[in-house]
2 protein chains.
Amino acid sequence: METALAKSPVSPRVEPLGKREQTKVQNRELILEAARQVFAELGFGATTVRDIIRATPLASGTFYNYFKSKEEVYQAIRDDVALAIRPRLREERVKAKSVEEFISSTFRTFMEFVADDQVNFRTIRHTADTTRVRLDTPEVIAGFEELREDIEKAIKEGVFPPVDADFLMASIVGVAFEVSDRMMLREKRDPSAAAIFATALFLGGIRTLPHASHPSSGAGTA
Amino acid sequence: METALAKSPVSPRVEPLGKREQTKVQNRELILEAARQVFAELGFGATTVRDIIRATPLASGTFYNYFKSKEEVYQAIRDDVALAIRPRLREERVKAKSVEEFISSTFRTFMEFVADDQVNFRTIRHTADTTRVRLDTPEVIAGFEELREDIEKAIKEGVFPPVDADFLMASIVGVAFEVSDRMMLREKRDPSAAAIFATALFLGGIRTLPHASHPSSGAGTA
DNA sequence: AGCGATTGGTGACACCACGTCAATTTCGAC
DNA sequence: GTCGAAATTGACGTGGTGTCACCAATCGCT
């Protein structure tokens, strides 16, 4: 009995793991953090596994103990984001008692999340190249399927009209991604305005969209 | 005068170019065609310049006389598509006399084009990987900007309500890409149904969408 | 036609990234 | 403290990258 306590007399319980497990978690995070930086700087295409490991105190072989390729690292980064936002979105949707709530809470939650998440946005939007890359990982795709299932459930319960759930899911995804992307390119990020725009579009179509304050609120191409 | 005619007595005027220019055009097309096949088979990420050149009778060095990298080849392929569809879309939009025409002709033209264009679709949607890649080339982005300008013009002329043209452009693009993608994954491709869905969404919102014939018309995940 | 000049194809080469693996270090259990 | 397991290391073979000196084909001119 005494030994067990003596072994960790003052140790905070935040480290209940052995040294082994600790460095394992640490190394993984080291690689992910380095990858975020390098992806943001060079872009996904130009980045090599060597670039990532060089931004780390680890040896090249160690990389392959944690990931199979740079694709898998990228996937892990995106999956982290997806895992963070999926439960929030789902929670909002199950609470929704009407089409209005379903749509507006979905867009509001999504836009606010994206606006807060500068790090991952910069990881994905590499400014170097003019070309834009979008990679949908399994976890992200699972989020899409979840949305479709919720729409189908809402239709069965009579909350939604009996529309094509697959196309509606695709439309919500498309608008959420594209509009959030434009939102992030603006000087002043306004997730509320973006969410209101998308919500109005889905609930009433173009004619119910809010009127823009300035004629060319597009704020240029930059 | 006589010499000029004598130089090509029977030659069809389809080859007014010298031999030099001819093989140049031919080699470029050879590379592009090989690239389309290889991209479709291996996916963009796994494809190497060597894979492309190997699917060709040319030597490796020759590739670099035509393109700097596989990215540039991919860009050329996408730009061909963009150059083919942009004038058609623009023509439809300038003809439009109302919001209804603007939106419906845009989606109809786009969906029909995508449905007809199996080759380029398979080039981009490599079934091998679960992850999906979307690369927007400068030409494609120019098409987006063109759409936004047309929206702004329509607003100035009073055809459109004074909405946020940038967000509206992004929404149209997002829905067009995502819905067309789902359309192409279905057993029976129906560009008309896809266009009607997208049009109804933009003109009147969810509640005016056509009712789906089957409850789960999503046709699974495949 | 014949003949230099020029353009463009060729493939070997130096460089580097990839993924592996045997040797070595580090940790955990007894 | 000692032994076995687990993880790290970096050198290595393989193969892709982009370049360049060389050479063949075409062009312009007489």
Side-chain angles (χ1 to χ4, degrees), chain A residues 1-9 11 15-35 38-39 41-76 129, chain B residues 2-9 11 15-35 37-39 41-76 129:
Chain A
M1 292 299 182
E2 198 186 58
T3 52
L5 283 174
K7 237 181 155 188
S8 57
S11 81
E15 297 174 7
L17 301 81
K19 187 99 190 269
R20 216 104 211 194
E21 303 295 321
Q22 233 176 301
T23 54
K24 223 164 154 180
V25 172
Q26 190 187 344
N27 282 351
R28 190 188 150 89
E29 202 45 54
L30 234 46
I31 292 173
L32 285 175
E33 189 47 39
V38 178
F39 282 147
E41 194 171 338
L42 304 180
F44 177 78
T47 299
T48 69
V49 171
R50 253 41 182 205
D51 290 330
I52 298 172
I53 211 67
R54 249 182 249 120
T56 254
L58 306 172
S60 63
T62 306
F63 176 90
Y64 296 96
N65 284 348
Y66 293 89
F67 301 99
K68 277 213 299 280
S69 61
K70 69 167 174 172
E71 278 78 10
E72 214 175 274
V73 177
Y74 189 88
Q75 196 168 306
D129 215 327
Chain B
E2 200 186 51
T3 51
L5 284 174
K7 237 182 156 186
S8 57
S11 80
E15 299 176 5
L17 302 82
K19 187 96 191 272
R20 216 108 213 188
E21 302 295 321
Q22 234 176 300
T23 53
K24 224 163 152 180
V25 172
Q26 191 186 341
N27 282 351
R28 190 188 150 88
E29 201 46 53
L30 233 47
I31 292 173
L32 284 175
E33 188 48 40
Q37 288 177 2
V38 177
F39 282 148
E41 195 170 337
L42 304 180
F44 177 78
T47 299
T48 69
V49 171
R50 250 52 178 194
D51 290 330
I52 297 172
I53 211 66
R54 248 182 249 123
T56 253
L58 306 172
S60 65
T62 306
F63 176 90
Y64 296 96
N65 284 348
Y66 294 88
F67 301 97
K68 277 213 300 279
S69 60
K70 68 167 175 172
E71 277 79 10
E72 213 175 274
V73 177
Y74 190 89
Q75 195 167 306
D129 215 327

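The chains referred to below are lettered A, B, ... by the order of the sequence lines, with proteins before strands, and numbering in each begins at 1.
In this structure, A:Tyr64 and A:Val49 have side chains that are in contact, with non-hydrogen atoms separated by less than 4.5 Å. Residues A:Val25 and A:Arg28 have side chains not in contact (no heavy-atom distance under 4.5 Å, counting atoms from C-beta outward).
Checking side-chain atoms of A:Thr23 against main-chain N and O of A:Gln26 turns up no donor-acceptor pair under 3.5 Å.
With hydrogens and angles ignored, a donor-acceptor pair under 3.5 angstrom links the side chain of B:Arg50 to the base of D:dG18. Put simply, the side chain of A:Arg20 and the base of C:dC27 share a donor and an acceptor less than 3.5 Å apart.
Among the heavy atoms of the strands, none lies under 4.0 Å from B:Asp51. B:Thr48 comes within 4.0 angstrom of the backbone, heavy atoms only, and of no base. Using a 4.0 Å heavy-atom cutoff across all strands shown, A:Phe67 reaches no nucleic acid atom at all.
Between C:dG9, D:dT8, D:dT19, one nucleotide has an atom nearer to the side chain of B:Asn65 than all others, and that is C:dG9. Distance from the side chain of A:Val49 is smallest for C:dC18 among the nucleotides D:dT9, C:dC18, D:dT17. Comparing C:dA17, D:dT8, C:dG9 by their closest approach to the side chain of A:Tyr66 singles out D:dT8.
Rounded to whole angstrom, the span from the CD atom of B:Glu21 across to the P atom of C:dG9 amounts to 11 Å. In this structure, B:Phe63 atom CZ and C:dA12 atom P are separated by 20 Å, rounded to whole Å.
Along DNA chain C, the nucleotide nearest to A:Lys19 and the one nearest to B:Leu58 differ in position, and the one closer to the 5' end is contacted by B:Leu58.
Between the side chains of B:Asn65 and B:Thr62, no donor-acceptor pair is found at a separation under 3.5 Å.
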